[in-house]
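Accompanying notes for the structure given below.
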Amino acid sequence: MVRLGLITGFIALIGVLLSGLAAYRVHDQELTVDGIALARAIDVHASLVQDRLTERELLASVASGLFRAPSVIKANMLEPLRSSIYAFKTDFAIASWIARLRPEELGAAQTELANAGFPNPTIRGFDDVPLQTAALSQPIDLLMDVEPRNAETMDFPGRRLDQHPILGPMLARAMSEMKPVASDPLPLLRHDGPVGFVLAAPVLQSNGAQPAGFVTFSYEIAPLMLTNDDLSLFSVALKDPRDEHGELVAGEGGAAVSRQANPQSPTPAVSRTVSFGGRDWTLTYYAKTNTMNRARQTAAIVAAIGLALTAIVCGLFGYVAYNNLRLSREIQVRIGFERRLTAVIDELNHRVKNILAVIQSIVTRTLRHGADIDVARELLIGRIHAMSNVVSLLSESQWQGVNLKGLFEARAIPHADRIAVSGPDIVVSARAAQSLSLLFFELASHSDEGLSLVGKHPHIVAHWEVSGEEPDTTFQFRWEEFNTSAATRRADSDFSLILLDRVAPEALGGTSKRYFTDVSYVYELTAPMETVVDMSERDRTEQFSAPLKPVR
């Protein structure tokens, strides 16, 4: 009996030791895995925030470099930049031109503001109180233009900003360092507006000695830096540079709100520093789950199971099986990932080769048939830009296709403002989008040579429709340039004729024709809808972009 008790006790002791060892390992692994996942997610988030801030700082630098104006007193200085800054698809709340004016220039500035249609052209301080301009002896920084112009922003021009408690030091630093500088956080647009900051980029005068003024872009903090996913492992706060213990966090409505860091709150998991506007900003990350408690609970469960079994074989089998299963899952997921990666690389090589082949054909045929090297160069740049634009659109949609109306944007083809576009919403395939983008560019680039029959540039109508019943539906496209004739319209180049009559129709499996009427030039393209949409190509792209499913 004593021997049986000793054996039983020995087995129980072995079982307790093995259960404790298993519990310790699980506890350690849970902490390690959660720590790695949290650190990786934080690094990715901080990198994305830095990329977005760098893009906006680059926009300010580019905008300041694009200024070419005879006088800084003009109230429409942002007019040449509007198409450029909106091409970046940036999310600024307001852009502005702040001119650095001498006292003797303020009268002309007030007249210019009145002529520009601003409701209050009076020269006044940042607090909206009129200034005594006769008492001024030094240059001031005066807000002269804003974008967008709406009911909320039209009252801003005419205010002096160099004495603003936040914007004034920012402008002074930007002028001294001659590079973009960001301000402290402040309410935007109004006193109770969303919290954000202003990025100012100095604009040099023609002699390059002193700044003529500043281009500024104002951004809300919440969508730019503090977006928190409900499913993420952490929440984010931005250290408030105005308050040592203050933080800026995204509120329920998506706007940033200020709060005081509570000493009793959980300790931040980690902090990351990002650079923007010549300053360092600290992002503080808080873990949303209590990793330690969860690890302890998991370890307790494992220990309870081990004590209940009190069997060396069962405990050892469970421990080995658990580790082997997890290792097997990781190996299978890795194999699936490598297979998917190989397929994606093959597909990428195929698409890159196709794009390079098209570009090679464009370069060869443009230079072969270009009578004038300057004309050939402009056409070559335009055609390659058209290809680049459609590739950008495809990348934004993960190669799922492009909305046909998107190929008529101003950044894609010349003279887009004179083209009346109509037709149903159609998402064309990647292959069709590349052919149609070049086709639309060629048609548009040949529509601006000379004047029309009535002494004006031709008016263009681009229309398409889908006719017929499934599965034999037909895509019909019609391009018509009114008030033109064979005598006034520049003849199509050899490259254009090849593209219009052979390449585009063959790529879509259709036919085309072009002709002159009494008052217009017409180009028509007809193709089967199945080649324009090409669902097989889209299905293949969706298959590559689908997330990997873990093996169960």
Side-chain angles (χ1 to χ4, degrees), residues 350-391 393-394 402 404 407-408 412-416 419 428-450 458 460-464 474-481 484-517 520-532 534 537:
H350 173 71
R351 289 177 176 174
V352 170
K353 288 179 181 179
N354 287 345
I355 293 174
L356 291 178
V358 173
I359 293 177
Q360 181 180 5
S361 176
I362 291 174
V363 174
T364 302
R365 294 188 178 276
T366 301
L367 297 180
R368 179 186 301 172
H369 300 290
D372 189 318
I373 189 64
D374 292 332
V375 175
R377 182 183 63 221
E378 294 298 325
L379 288 175
L380 179 60
I381 292 174
R383 290 163 181 165
I384 293 179
H385 179 71
M387 281 295 299
S388 173
N389 176 71
V390 75
V391 170
L393 293 175
L394 289 170
V402 176
L404 186 55
L407 300 179
F408 287 92
I413 60 176
H415 323 303
I419 303 176
V428 299
S429 66
R431 179 179 178 183
Q434 295 178 37
S435 300
L436 291 174
S437 177
L438 285 175
L439 173 66
F440 297 159
F441 174 81
E442 291 300 323
L443 290 171
S445 64
H446 283 75
S447 65
D448 197 44
E449 291 293 328
I460 304 170
V461 174
H463 175 75
W464 62 86
T474 302
F475 172 77
Q476 297 176 338
F477 173 77
R478 179 184 177 90
W479 174 282
E480 187 167 8
E481 301 173 13
T484 190
S485 67
T488 60
R489 189 180 188 275
R490 176 167 64 93
D492 294 316
S493 65
D494 293 341
F495 179 86
S496 297
L497 294 177
I498 293 174
L499 178 64
L500 298 178
D501 297 341
R502 190 178 69 189
V503 175
E506 290 180 358
L508 300 178
T511 60
S512 66
K513 60 181 179 179
R514 49 188 175 84
Y515 55 89
F516 285 94
T517 66
S520 65
Y521 168 80
V522 180
Y523 176 80
E524 295 179 347
L525 173 65
T526 304
M529 194 63 184
E530 62 180 3
T531 62
V532 175
D534 195 0
E537 179 185 81

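The structure presented is a predicted model; accordingly, all values stated were derived computationally and were not measured.
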Atom [atom1] in [X], atom [atom2] in [Y]: separation rounded to 0.5 Å?
X	Y	atom1	atom2	answer
Arg514	Leu443	CZ	CG	10.5 Å
Glu530	Ser429	CD	OG	11.5 Å
Glu524	His463	CD	NE2	11.0 Å

Exercise. Do Glu481 and Tyr523 have a side chain donor and acceptor closer than 3.5 Å?
Worked result: no

Taking the side chain as every heavy atom from C-beta outward, state whether [X] and [Y] have any atom pair closer than 4.5 Å.
X	Y	result
Leu404	Phe477	no
Trp479	Ile419	yes
Ile498	Glu442	no
Pro505	Thr511	no
Lys513	Val522	no

If you look at every heavy atom in [X] and [Y], which pair is closest and at what distance?
X	Y	answer
Ala432	Val532	CB-O, 3.5 Å
Leu508	Pro528	O-CD, 3.6 Å
Leu500	Ser512	O-OG, 2.9 Å

For this session: List in chain and number order the residues that pass side-chain hydrogen bond (donor to acceptor under 3.5 Å, both in side chains) with Thr517, two or more places apart in sequence or in another chain; answer none if no residue qualifies.
Result: Ser520

Problem set entry | Sequence-distant partners of Tyr521, ring-ring contact (aromatic ring centres under 6.0 Å, His included), two or more places apart | Phe516

